[in-house]
Amino acid sequence: MMNRCGLLTVNKEPVPLKSIEVELEVRDHVATVVSTLNYENKEDKPVEAVFVFPLPGDAAVCHFSAKLGQTQIVAEVKEKQEAREEYNDALSSGQQAFLLEESQQSPDIFSLSVGSLPPGESASIRLEYVTELAVQADDGLRFSLPAVLNPRYQPQGSEGSSVQVTSVPASLVPYSLSLSARVSSARPVSKVESSCSLDPLQYLNTDQTQATIKLSAGHKFDRDVELLIYYKDAHQPTAVVEAGQASAKQGSLMGDPVVMVSLYPEFPQSVMSTVASCGEFVFLLDRSGSMECSLNNSKREESRISGARDTLLLLLKSLPIGCYFNIYSFGSSFEHIFLKSVEYSQQTMEEALKKVEEMDANLGGTEILMPLRHIYSQPCIPNQPRQLFVFTDGEVGNTKEVVDLVKKNSGSHRCFSFGIGEGASSALINGLAKEGGGHAQFITGTDRMQPKVMQSLRFALQPAVVDVSVTWDLPKGVSVTALSPPITAVFQGQRSLIYAQLTGQSSEAAEGSVTVKYSLAGHPSQNQLNFSLKPAEDTGLTVHRLAARTLIRSLEVEEREGEEEKDGVKKKVVELSVQSGVSSSFTAFIAVNKTDGEAIQGPLQRRNIPTVSMFSAAPRVARCAAFAPPVMMMCCDSLALCDTSADFEQCGYYDNEEECSDKVFAAELEDTIEDTMPNQPPRDPLLQLVSLQKASGCWQLDPDLAEVLGKTSEEVEKSKPALVNNEVWATILALIWLHGFKMDAKEEWELLAMKAASWLRAQNAPGVTECVEAGNALLGFSVEKNVLGL
C-alpha cells in the first residue's frame with residue numbers, strides 16, 4: 001500500500017472542511033478536549049468528506065455529534081462492522097450520516113466520514129475526548145494536540161492494510177485552527193508555555209487557581225500544539241471518587257463509583273544519590289529517510305539524525321564502568337555494531353563512537369520489528385539488567401504488533417522510548433514505555449534531545465522497583481475491583497495512576513485508603529494515601545471514561561495475545577465500549593439524520609480532507625533515501641499535488657530505486673540539497689569536551705582539551721601544580737569548566753561528571769585542593785571543591 005501525496009483535487013476543487021475550533025479544559029492532570037469541525041459544501045453536487053487525523057494515543061473519545069441547521073444528531077457507539085453497514089445503508093437511501101472510527105493498526109489515528117452533505121449546506125461536527133497529562137522532568141504537565149500526521153510506513157507482511165493518509169505541507173492546509181484553554185487546580189497556576197505562539201495567560205481569580213489561555217491567531221500547522229502547564233507546588237498524591245451514572249445499572253462500571261488515585265513516590269536520598277554500576281544498555285536508533293528532516297522544522301537547525309548522534313555520544317560517555325552495551329540501527333533492514341553486547345571499556349567505546357559518527361538516515365523504511373526480535377533473541381547477561389533505549393520519529397503502520405512484542409518480553413528488560421520531531425506516534429512511543437516498564441519522552445518544537453534522554457538514563461540507572469503490590473482498606477460492605485493493569489514500573493517523582501471500581505454502600509463521611517508497596521534496592525518501601533469516599537462534584541463522568549478506556553486497552557491487548565476465547569474478549573470490549581460510550585478498535589460512532597426530509601439525489605463526490613505532513617515537502621534526497629523495495633515511495637515536489645495514477649509519474653512515483661535515482665536526483669539536485677537540507681551548526685563546545693573524556697571518566701592533558709578550555713597548551717601546563725598527575729589536572733579543569741560555563745546544561749553532563757569525580761577519588765591523588773584553586777585561577781571561576789564532588 002502507498003500513501004497518497006498531497007490534496008486529492010489537482011483541479012483546485014474546494015475542500016469542504018473550513019475550520020477546527022478546540023476548547024480545552026484542564027483540571028489538575030486531566031484534560032477534556034472538545035473539537036468542533038465546521039464543514040461547508042460549496043460545490044454543486046453532494047459530497048462525502050473523509051478526514052484521517054491524529055489524536056493522542058491514550059485519549060478516551062466519548063462524544064460525537066453533528067449539527068445540521070437547527071438539528072442536533074448525537075452518535076451512538078456500535079460494533080464497527082454494524083456501524084459501517086448502517087452508514088453505507090444511510091448514504092444509499094439518500095440520508096445524511098456520520099461515522100467516526102479508530103484505526104485497526106494504531107489507536108492514535110481516527111477516520112471521520114461526513115456523508116451526503118448537499119450542495120450549499122453546512123455541518124458542524126463535535127468530537128470530545130478526555131486524557132491524562134504526562135508529567136515532565138521539570139514537573140510540568142504536557143498536553144499535545146496532534147496537528148501533524150506523517151504517512152506511516154507499513155512493513156511488508158504486517159497485519160492489516162495501511163491507513164490512507166492524504167497530506168499536504170503546512171503552508172497549504174486549507175482550513176484554520178483555533179484553541180482556547182481553561183486551566184483549574186486546587187493549587188495556583190504558575191505559568192503555561194508552548195512551542196506555538198500564545199496570547200498572554202489571563203487569571204480568573206485572585207488566588208490564581210483558574211486561568212485561561214489562547215493560541216494566537218494564524219497557527220501555521222507546522223507543528224503539534226503543545227502546552228506545558230506548571231502549578232506552584234510540587235505534585236501531591238490525590239484520590240478522586242466519582243459517583244456512578246444514575247441511569248446505569250448498579251454493579252456495572254458506569255453504575256458504580258470509580259476512584260482515580262495519583263501517587264508520586266519519593267525515594268530515599270541515599271538511594272537517589274547512587275547510580276547502578278551494572279546493566280546491559282541496548283540503544284536502537286531509527287535511520288529511516290525521514291530522520292534526515294530537521295529536528296524542529298527550521299532549515300538552519302540540526303537534523304534528527306545528527307541530534308541522535310550527539311545524544312549517543314553523551315550516553316556512551318555517561319555509562320558506568322562494569323556495564324555492557326550494544327547499538328542497533330534500523331530502516332528497511334537493521335545493523336548492530338557488535339555481534340552481542342560487549343563490556344564497556346575505552347576500546348569498545350571508541351569503536352562504537354567511530355561507527356556512530358558514520359551513521360546517516362540512509363536505511364530506507366521503518367521496520368522496527370526485526371531488530372526488536374533480534375534483541376530479544378539474545379540471552380540476557382547474568383546480573384546485568386537489560387535497558388533498551390529506542391529512538392524513532394515514530395512513523396510505523398504496525399504500532400500494535402510492535403507494542404505487543406515489547407509487552408511479551410517485558411519480564412526481561414525495561415524500555416525507554418523517544419519520539420523525535422512533530423508527528424511521532426504517541427501510541428507507539430507511550431506504548432513502548434508503558435508495556436516495557438520504562439519512560440517515554442517526546443522531542444518537539446525547540447526541545448533539545450539530550451536533557452530528556454539523560455533524564456531517562458538516570459531513571460535506567462535507578463534501582464529497579466520490584467514486587468509492586470496495591471492493597472485497599474475500605475469500610476465494611478464496600479468492595480473494590482481493579483480496572484488498571486498491575487503497576488510494573490515506579491520512578492522517583494513520576495506519577496503512578498490507579499483506577500478502581502467501588503461496589504457497595506457506605507456513609508458520606510466514610511474514608512478509605514490505598515497502599516502501594518514495593519522493594520527498592522533491597523529495602524521494603526510503601527506509599528499510603530487516605531481518601532474520602534464522598535464523590536467529587538462537577539467531574540461529570542470523566543473518571544469513569546478514563547477508567548473504561550484503561551480497561552478497554554487492557555482487554556484489546558488480551559484479545560491480540562490470546563489464542564483462544566478471542567471472540568469472548570472482543571464481545572467484552574464491545575459491551576464495555578457501548579456501555580461507557582468510549583471508542584475502541586472494535587467499535588465506531590455512528591449518527592444518521594433520520595428527520596423527515598427529501599432524499600439527497602445524485603452521485604456522491606468523495607473529498608479526502610488533507611492533514612499536515614512534515615514530509616509532503618520533504619527534501620527529495622530524503623524521500624529517495626527512504627526508498628524500500630518493493631514498496632513505492634514518494635519523490636514529490638511540495639506543489640505537485642496528485643491523486644490519480646496518471647499523476648503519479650509527474651509527481652515522481654517510481655517502482656524501483658534506480659528509476660527514482662536517475663530521474664529525480666538528476667533534476668535540480670544541487671538546488672534541492674542547498675535549499676532543503678539542514679545546515680549543520682558548528683559543534684557545541686560541551687560536546688567537544690565530552691568527546692575527549694575517557695571511558696574511565698578522566699580527561700587527558702592535550703592540545704584538544706586546551707582548545708575547548710579556551711587556553712593554549714602552554715598556559716594549561718604552566719598553571720599545573722608541581723607533582724600533580726597530568727590526568728588528575730586535566731580532569732579537574734574539565735569539571736571546573738563544566739560547573740563554570742555549562743550549569744544551564746547540567747542535566748546533560750551530570751552523570752559523566754559524577755563518573756569523573758569518582759575516578760578522581762579513586763586516584764587518592766595528593767594536591768587536589770591546590771589543583772582546584774589553580775584551575776579556578778586559570779579559568780576565571782571560583783568553583784568550590786565540594787561542588788565538584790571531591
Side-chain angles (χ1 to χ4, degrees), residues 267-277 313-322 344 346 349 450-451 454-455 457-458 461-462 492 684-790:
F267 297 164
Q269 185 56 40
S270 57
V271 173
M272 293 308 297
S273 59
T274 59
V275 292
S277 59
L313 166 69
L314 271 178
L315 282 166
L316 287 173
K317 295 290 183 172
S318 302
L319 291 180
I321 288 287
Y344 178 69
Q346 184 63 28
M349 182 191 77
Q450 289 84 348
M454 297 314 289
Q455 187 209 10
L457 180 59
R458 275 193 289 277
L461 290 168
Q462 281 177 23
Q492 160 75 16
D684 181 349
L686 171 61
L687 292 175
Q688 284 180 287
L689 181 75
V690 170
S691 69
L692 299 174
Q693 190 185 26
K694 299 298 177 187
S696 62
C698 73
W699 274 265
Q700 287 188 327
L701 197 62
D702 61 23
D704 290 335
L705 176 66
E707 186 185 343
V708 176
L709 300 176
K711 302 293 175 185
T712 63
S713 295
E714 290 74 18
E715 286 173 312
V716 171
E717 285 172 24
K718 195 169 140 191
S719 303
K720 179 175 81 72
L723 305 177
V724 170
N725 175 304
N726 280 354
E727 289 181 344
V728 169
W729 173 235
T731 304
I732 287 173
L733 286 176
L735 287 176
I736 291 172
W737 187 90
L738 287 170
H739 282 86
F741 265 122
K742 289 291 178 180
M743 280 305 288
D744 58 332
K746 186 179 179 183
E747 50 200 353
E748 298 180 37
W749 52 258
E750 191 172 24
L751 286 171
L752 60 88
M754 284 170 68
K755 188 160 75 164
S758 177
W759 178 85
L760 281 167
R761 288 194 300 271
Q763 303 311 300
N764 204 15
V768 168
T769 304
E770 197 185 346
C771 274
V772 173
E773 288 171 1
N776 276 317
L778 174 67
L779 299 176
F781 296 116
S782 51
V783 181
E784 299 284 337
K785 178 181 162 185
N786 62 325
V787 172
L788 300 178
L790 306 175

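- To the nearest 0.5 Å, atom CG of residue Asp702 and atom CD of residue Glu707 are 10.0 Å apart.
- Closest approach of Lys755 to Ser318, counting heavy atoms only: NZ-C, 4.3 Å.
- If you take NZ on Lys746 and CG on Leu751, they are separated by 11.0 Å, rounding to the nearest 0.5 Å.
- Under the 3.5 Å distance criterion, the side-chain polar atoms of Trp699 are matched with a main-chain donor or acceptor of Leu689.
- Counting only residues at least two apart or on different chains, the ring-ring contact (aromatic ring centres under 6.0 Å, His included) pairs with a member in residues 752-790 are Phe741-Phe781.
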Show the numbers, then the answer: is there a side-chain contact (heavy atoms from CB on, under 4.5 Å) between Met349 and Lys317?
CA-CA 8 Å; Met349 182 191 77; Lys317 295 290 183 172; 3.3 Å; yes
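- Here Glu750 pairs with Arg458 in a salt bridge; the nearest charged N to carboxylate O distance falls below 4.0 Å.
- Separation of atoms CG (Leu788) and NE2 (His739) is listed at 5.5 Å; rounding is to 0.5 Å.
- No donor-acceptor distance shorter than 3.5 angstrom exists from the side chain of Gln450 to the backbone of Leu314, with no hydrogens or angles considered.
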Output, in order, the C-alpha distance, side-chain angles, deciding distance and verdict of side-chain contact (heavy atoms from CB on, under 4.5 Å) for Met454 and Leu315.
CA-CA 7 Å; Met454 297 314 289; Leu315 282 166; 4.1 Å; yes
Only distances under 3.5 Å count here; give the side-chain donor-acceptor pairs of residues 768-775 to other protein atoms, sequence neighbours excluded, each with its distance to 0.1 Å.
from, atom 1, to, atom 2, distance (Å)
Thr769, OG1, Lys785, NZ, 3.2

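- No donor-acceptor pair closer than 3.5 Å links the side chain of Ser758 to the backbone N or O of Met754.
- Counting heavy atoms from C-beta outward, Asp684 and Glu748 have side chains that stay 4.5 Å or more apart.
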Test side-chain contact (heavy atoms from CB on, under 4.5 Å) applied to Leu738 and Leu686, step by step
CA-CA 8 Å; Leu738 287 170; Leu686 171 61; 3.5 Å; yes
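- Here Asn726 contributes atom CG and Gln700 contributes atom CD; the two are 9.5 Å apart, rounded to the nearest 0.5 Å.
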Would Leu735 and Leu760 satisfy side-chain contact (heavy atoms from CB on, under 4.5 Å), going step by step from the backbone distance to the final call?
CA-CA 11 Å; Leu735 287 176; Leu760 281 167; 3.8 Å; yes
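- Here Leu705 contributes atom CG and Lys711 contributes atom NZ; the two are 12.5 Å apart, rounded to the nearest 0.5 Å.
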